[in-house]
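One structure below.
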Amino acid sequence: MLRSELVQKLTDENPHLRPQDLEKVVDVILEEITSALENGSRVELRGFGAFSVRKRDARVGRNPRTGETVQVEEKFVPFFKAGKELRARLNDGVDPEDR
Amino acid sequence: MFSVNAVKEVGVQHDKAVTRAEIMDSLVREVGLTRQDSGELLERVLELISDDLTDGQTVKLARFGNFVVREKNARMGRNPKTRIAAEISARRVVAFRPSPLLKQRVDDSLNKD
């Protein structure tokens, strides 16, 4: 499913709402998550999952093609962990972390 | 894929997590919907994404990122606390691949120096 298809489904299901507003709904949800992560905050959507930021330490890396070493600076990357309910749905109703 | 030192979460201690309530507030404010509609639409968006993932489908949200389901084989692991070896069962997991834009925005704003 693409972003456009998600908007289309919401539009089909909500004839009482304007399509441009439903597009904005998706924009606002994703923007809200993005700006929280920019602030270093977690986003917790119970059942679905949680977005957070993880720090990758600086390291000495290697260019796989040339083999030369390069210094890779520390960086901050977005991370998502599926929530319990979603983990269970993906695994025949049982969250594998409970096994 | 990443080294052990990579698993450090930032920001947890000083900021309260953003939840459905804050996102609903933004929907009310920025789209002008009722709180009821905002809550239902947010829930529906999460449901539609979850439904596709449960079917094994990839969800690609342009300018944000892709959610991909990956099949993991069973493997031997170790409880880090008890150090007892145990089999980690085969499972399906969700991997989120952030878009270049999202990665850039997050790193730019937190990696200031």
Side-chain angles (χ1 to χ4, degrees), chain A residues 1-6 9-10 13-14 16-17 21-22 24-57 59 73-83 85-87 89-92 96-97 99, chain B residues 2-3 5-12 14-20 22-23 26-27 30-33 37-38 41-42 44-50 52-54 56-65 67 69 88-96 98 102-103 105-111:
Chain A
M1 177 169 69
L2 306 175
R3 188 170 177 142
S4 55
E5 294 168 331
L6 175 60
K9 281 184 189 170
L10 296 177
E13 291 175 0
N14 294 279
H16 63 297
L17 298 174
D21 283 348
L22 292 163
K24 189 128 190 251
V25 163
V26 173
D27 291 348
V28 167
I29 293 171
L30 301 181
E31 180 57 33
E32 210 41 42
I33 296 170
T34 302
S35 53
L37 296 177
E38 282 182 317
N39 293 327
S41 297
R42 272 172 73 81
V43 180
E44 286 180 6
L45 301 169
R46 194 134 305 191
F48 179 73
F51 295 88
S52 59
V53 178
R54 288 183 171 190
K55 181 178 154 211
R56 307 278 181 224
D57 284 345
R59 62 187 169 87
E73 298 308 322
E74 127 186 322
K75 63 179 170 185
F76 295 88
V77 296
F79 179 79
F80 174 76
K81 182 171 196 279
E85 192 185 314
L86 181 54
R87 290 198 304 267
R89 282 189 63 185
L90 285 161
N91 293 282
D92 305 317
E97 293 193 8
R99 284 206 274 254
Chain B
F2 293 108
S3 55
N5 70 23
V7 188
K8 274 182 205 145
E9 208 167 282
V10 297
V12 189
H14 59 85
D15 269 319
K16 199 185 155 294
V18 169
T19 63
R20 282 176 173 77
E22 286 75 32
I23 297 176
S26 301
L27 290 171
E30 293 179 42
V31 192
L33 299 171
D37 278 345
S38 299
L41 287 165
L42 171 57
R44 191 64 187 132
V45 165
L46 300 179
E47 238 169 53
L48 287 166
I49 295 171
S50 303
D52 267 32
L53 293 174
T54 303
Q57 307 269 358
T58 294
V59 177
K60 294 183 169 190
L61 301 176
R63 305 186 299 288
F64 184 72
F67 295 90
V69 177
I88 298 170
S89 58
R91 60 190 62 190
R92 292 205 297 164
V93 300
V94 177
F96 175 63
L102 177 59
K103 286 205 275 195
R105 282 185 60 180
V106 168
D107 191 53
D108 281 356
S109 103
L110 294 174
N111 216 346

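Every chain is numbered from 1 and lettered A, B, ... according to where its sequence line falls, protein lines coming before strand lines.
Annotation: salt bridge (Lys or Arg N to Asp or Glu O under 4.0 Å) contacts of B:Arg44 (sequence neighbours excluded): A:Glu13, B:Glu47. Partners of B:Ser109 according to the side-chain contact (heavy atoms from CB on, under 4.5 Å) rule, which considers only residues two or more places apart in sequence or in another chain, are A:Glu38.
Only the backbone of B:Thr58 comes within less than 4.5 Å of a heavy atom of chain A; no side-chain atom from C-beta onward does. Only the side chain of A:Asn91 comes within contact range of chain B, with heavy atoms under 4.5 Å apart. In this structure, the portion of A:Glu31 lying under 4.5 Å from any heavy atom of chain B is its side chain and not its backbone. For B:Ala95, no part sits under 4.5 Å from any heavy atom of chain A, backbone or side chain. Both the backbone and the side chain of B:Glu30 come within contact range of chain A, with heavy atoms under 4.5 Å apart. Heavy atoms of A:Lys9 lying under 4.5 Å from chain B belong exclusively to its side chain. Heavy atoms of B:Asp52 lying under 4.5 Å from chain A belong exclusively to its side chain. Contacts of A:Asn14 with chain B are made by side-chain atoms alone, with heavy-atom separations under 4.5 Å and no backbone atom involved. Using a 4.5 Å cut-off between heavy atoms, B:Asp108 does not touch chain A at all. For A:Ser52, the part lying under 4.5 angstrom from a heavy atom of chain B is the side chain only. Interface remark: A:Arg87 contributes no atoms to any contact with chain B (heavy atom separation under 4.5 Å). A:Leu2 touches chain B through backbone and side chain together, each having a heavy atom under 4.5 Å away.
You'll find the side chain of B:Val18 stays beyond 4.5 Å of the side chain of A:Phe51, heavy atoms only. Between B:Lys103 and A:Lys75 the shortest side-chain heavy-atom distance does not fall below 4.5 Å.
Here the straight-line distance linking atom CD1 of A:Ile29 with atom CG of B:Leu27 works out to 5.0 Å at 0.5 Å rounding. From A:Asp27, atom CG reaches atom CZ of B:Phe64 across 12.0 Å, with rounding to the nearest 0.5 Å. Taken to the nearest 0.5 Å, the CD atom of B:Glu22 stands 11.0 Å off from the OG atom of A:Ser35. Separation of atoms CD1 (B:Ile88) and CD (A:Glu97) is listed at 10.5 Å; rounding is to 0.5 Å. To the nearest 0.5 Å, atom CG of residue B:Leu33 and atom NZ of residue A:Lys24 are 9.5 Å apart. Taking CG of B:Asp37 as the reference point, atom CG of A:Leu17 lies at 5.0 Å (rounded to 0.5 Å).
When all heavy atoms are compared, the tightest approach of A:Pro78 to B:Leu102 is CG-CG, 3.9 Å. Taking every heavy atom of both residues into account, B:Leu110 and A:Gly40 meet most closely at CD2-N, 3.9 Å. B:Ser50 and A:Arg89 get closest at one heavy-atom pair: CB-NH1, 3.6 Å. B:Leu53 and A:Leu90 make their closest contact through O-CD2, 3.3 Å (heavy atoms, listed as atom of the first residue, atom of the second, distance).
In terms of heavy-atom pairs under 4.5 angstrom with chain B, the leader among A:Leu37, A:Asp21, A:Ile33, A:Leu30 is A:Leu30. Options A:His16, A:Glu85, A:Arg46 differ in how many heavy-atom pairs under 4.5 Å they form with chain B, and the most are formed by A:Arg46. Here B:Leu61 is the residue among B:Val69, B:Leu61, B:Val93 with the most heavy-atom pairs under 4.5 Å with chain A. Among B:Val59, B:Val31, B:Val94, the residue with the largest count of heavy-atom pairs under 4.5 Å with chain A is B:Val31.
Under a 3.5 Å cut-off, the side chain of B:Asn111 and the backbone N or O of A:Glu74 do form a donor-acceptor pair. Under the 3.5 Å distance criterion, the side-chain polar atoms of A:Arg42 are left unmatched by any main-chain donor or acceptor of B:Ala17.
B:Thr19 and A:Glu44 form no side-chain donor-acceptor contact under 3.5 Å, judged by distance and modelled atom types alone.
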Audit row: A:Leu6, B:Val45, side chain to side chain contact (heavy atoms under 4.5 Å, CB included) steps and yes/no: CA-CA 8 Å; A:Leu6 175 60; B:Val45 165; 4.1 Å; yes
Apply the test side chain to side chain contact (heavy atoms under 4.5 Å, CB included) to residues B:Leu48 and A:Met1: give CA-CA distance (whole Å), side-chain angles for both, the deciding distance (0.1 Å), then the verdict. CA-CA 9 Å; B:Leu48 287 166; A:Met1 177 169 69; 4.3 Å; yes
